[in-house]
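Please read all numbers here as calculations on a predicted model, not as lab measurements.
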Amino acid sequence: RTGSDIYCNMPDKKTVYWFSLYFDIYRDIMKLPTVKQNFYLIIFAKSLKIFREGLSFPMINVKALADAHYDELVKLRRYFHEHPELSNVEDATCDTIQKKLEEYGIRTEVVEHGGVFGFIDNGPGKTVLMRADIDGLPIQETETNLNQKRVCVSKNPGVMHACGHDGHISMLLTEAKILQEIKDQWSGRVIFMFERAEEGSDATQHLMPYLLKQNIDYCYGTHVRWDVPAGKINVEKGAAMAGGFAFQIKIKGHGGHGSRPDLSQSPIDCFHAFYGNLQALRMRDVNPLECLTLSIGTVQAGSAYNVIPNELFFGGSSRFFSYEHAGKKFYDDFLKLLKNECDNYDCTYELVRMKQPLLEVRNNPVCGDYARKAVAKYLGEDALYDVEPWMASETFGLTLSLFPGVFTFTGIANKEKGCGGNHHTPQFDIDEEGLRAGVVAGVGYALDMLDAKPEIEFKQNTEDPVQLGLRGM
């Protein structure tokens with residue numbers, strides 16, 4: 001343990017000799033009477049400090065390792081970008097990931113409908129989970145980004161990696177390969193999770209029960225971000241991304257002719273009352289120091305100006321940075337208000353789609369501190385970048401409710417290369433240089449957590465894991 005905090009490459013024979021000599025001296029000191037032990041141990045500790053400083057062992061040069069694997073990182077990213085698959089049908093993507101992991105000598109398991117897992121079991125120690133999502137979006141990609149021709153374009157018409165999951169896959173595969181190659185320099189266990197269907201399905205219901213069986217100590221995830229410069233990493237304190245819920249609802253009344261509204265129960269009048277009171281509900285329910293947004297994106301009812309329709313359909317979403325302090329109460333009172341207004345107007349309602357709210361992506365303070373220190377240590381202090389939390393939502397919030405961990409943002413913006421289009425748009429593109437920094441941050445965090453083995457006070461979510469996995473937008 002004399003050099004664990006400056007873990008080095010394999011020492012030469014001379015270094016091994018000196019380590020052995022010091023261990024022999026320590027053993028002999030411990031044979032002395034207790035009174036003499038204290039005196040000699042102080043001298044021993046001081047000489048050992050001088051010895052360690054004289055060795056000047058370098059820490060693992062994670063950046064150099066990422067540089068050495070950069071060409072393969074880019075090759076992987078471009079392959080997955082050219083072959084995107086939609087949620088729940090990422091079969092070819094999963095096959096490629098599994099083959100790559102096995103090619104690296106990493107044991108794999110497949111969770112049906114959930115994703116692919118890789119395992120490096122490397123002696124005693126803690127277990128770190130590292131995660132990437134893998135699905136694409138139903139978007140037709142443009143040949144150009146913001147200002148120039150792309151380096152690669154989707155070969156699957158109507159499907160695009162418009163959220164950067166191709167970057168996530170390639171970074172995690174590269175991190176897995178590096179950690180496998182230097183496994184003689186760390187001890188513990190690393191699990192790599194490649195998650196299916198993050199973009200809005202119930203795949204997490206298959207993953208949460210599986211994860212609880214893996215004895216995970218810490219977790220890590222990252223998301224590329226359009227407004228963070230390539231080469232920079234952001235580690236938020238507290239919530240990094242929002243939780244939220246979406247709603248698609250039908251209000252059912254009784255239609256009639258516009259000349260006799262007294263003979264009908266108008267779903268439009270009912271919705272009007274509900275919507276007005278909903279805005280007031282947000283003010284009454286939510287602490288002004290908490291963040292909660294609400295938006296209605298669609299309202300559809302009727303087709304003739306003089307006919308009251310039977311039904312009205314509306315949909316929208318709400319986002320928040322604290323389920324406990326804002327989201328939960330607003331969700332419950334939303335449904336109470338809907339029922340009350342439908343009763344007032346003699347209407348009924350149908351929840352076409354409305355899941356239990358997705359939890360916010362909340363960073364553990366201890367893990368966040370280690371992540372920031374890892375970025376500064378392996379990339380330099382100037383690689384840390386401040387940016388506001390993201391109001392988008394992510395299923396990794398569910399994993400973070402089970403295990404202490406951190407979710408970072410990897411910068412991929414570069415105006416000169418035309419990279420800076422927002423996520424989920426046809427113009428979105430990645431500056432691949434940013435992925436290099438993402439790999440360094442991920443590997444560095446894993447190594448430091450496995451070395452430090454911090455004991456973290458953490459209150460684990462006790463919700464049924466299947467029900468937890470069914471939460472979503």
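Counting only N and O atoms by type, the side chains of N61 and Y378 include no donor and acceptor under 3.5 Å apart. Side-chain contact annotation: T108 with Q98, donor-acceptor N/O pair under 3.5 Å present. Side chains of T395 and R131: a donor-acceptor N/O pair is present below 3.5 angstrom, by distance only. Looking only at atom types and distance, the side chain of R319 has a donor-acceptor partner in the side chain of S393 under 3.5 Å away. For the residue pair N88 / H113, no side-chain donor-acceptor distance below 3.5 Å is found, with atom types taken as modelled.
Side-chain atoms of D135 come within 3.5 Å of backbone atoms of E199 as a donor-acceptor pair (strictly under, hydrogens ignored). Of the possible donor and acceptor atoms, one in the side chain of E90 sits under 3.5 Å from a partner among the backbone N and O of A197. In this structure, the side chain of E195 does not engage the main chain of T204 through any donor-acceptor pair within 3.5 Å. Checked by atom type and distance alone, the side chain of E394 pairs as donor or acceptor with a backbone atom of F396 at under 3.5 Å. With hydrogens and angles ignored, the 3.5 Å screen pairs a side-chain donor or acceptor of S154 with a backbone N or O of V159. R196 contributes no side-chain N or O that, together with a main-chain N or O of D133, makes up a donor-acceptor pair within less than 3.5 Å. Counting only distance, with no hydrogens or angles, the side chain of Q205 and the backbone of G469 share no donor-acceptor pair below 3.5 Å. The closest donor-acceptor contact from the side chain of N145 to the backbone of Q427 lies at 3.5 Å or more, if one exists at all. Between the side chain of D451 and the main chain of W186, no donor-acceptor pair closer than 3.5 Å is present. Checking side-chain atoms of D464 against main-chain N and O of Q467 turns up a donor-acceptor pair under 3.5 Å.
More than 12 heavy atoms of other residues, nucleotides or ligands lie within 6.0 Å of NZ in K183, so this atom counts as buried by the packing criterion. In this structure, E388 places its CD atom where only 12 or fewer heavy-atom neighbours from other residues, nucleotides or ligands lie under 6.0 Å away. Around atom CD of E112, no more than 12 heavy atoms belonging to other residues, nucleotides or ligands sit under 6.0 Å away. Applying the 6.0 Å contact sphere to CG of D91 captures more than 12 heavy atoms from other residues, nucleotides or ligands. Heavy-atom neighbours of K63 NZ from other residues, nucleotides or ligands within 6.0 Å: at or below the threshold of 12.
Under a cutoff of 6.0 Å and an axis angle of 45°, R282 and F334 do not form a cation-pi pair.
The side chain to side chain donor-acceptor pair (under 3.5 Å) contacts involving residues 397-413 comprise Y220-T408, T222-T408, T222-T410, S401-N461, where partners must be two or more places apart or lie in separate chains. Annotation: salt bridge (charged side-chain N to carboxylate O under 4.0 Å, His left out) contacts involving residues 402-427, sequence neighbours excluded, comprise K417-D431.
By the ring-ring contact (aromatic ring centres under 6.0 Å, His included) test, H81 pairs with no residue at all, sequence neighbours left out. A search for ring-ring contact (aromatic ring centres under 6.0 Å, His included) contacts involving H325 returns nothing, not counting sequence neighbours. Residues meeting the ring-ring contact (aromatic ring centres under 6.0 Å, His included) test with Y70, sequence neighbours left out: none. For the ring-ring contact (aromatic ring centres under 6.0 Å, His included) test, no residue two or more places apart in sequence or in another chain qualifies with Y218.
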- Residues Y79, H83; criterion ring pair (Phe, Tyr, Trp, His ring centres under 6.0 Å); working and verdict: CA-CA 6 Å; Y79 171 82; H83 302 88; 4.4 Å; yes
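The aromatic rings of H223 and H168 sit perpendicular to each other, their planes meeting at more than 60°, with 30° as the lower class boundary. Note on ring orientation: taking the six-membered ring where Trp is involved, the planes of F245 and F320 are tilted (angle from 30° to 60°). Ring pair F409/F407 is perpendicular by interplanar angle, where above 60° counts as perpendicular and below 30° as parallel.
Under a 4.0 Å N-O distance rule, the pair R471/E463 qualifies as a salt bridge.
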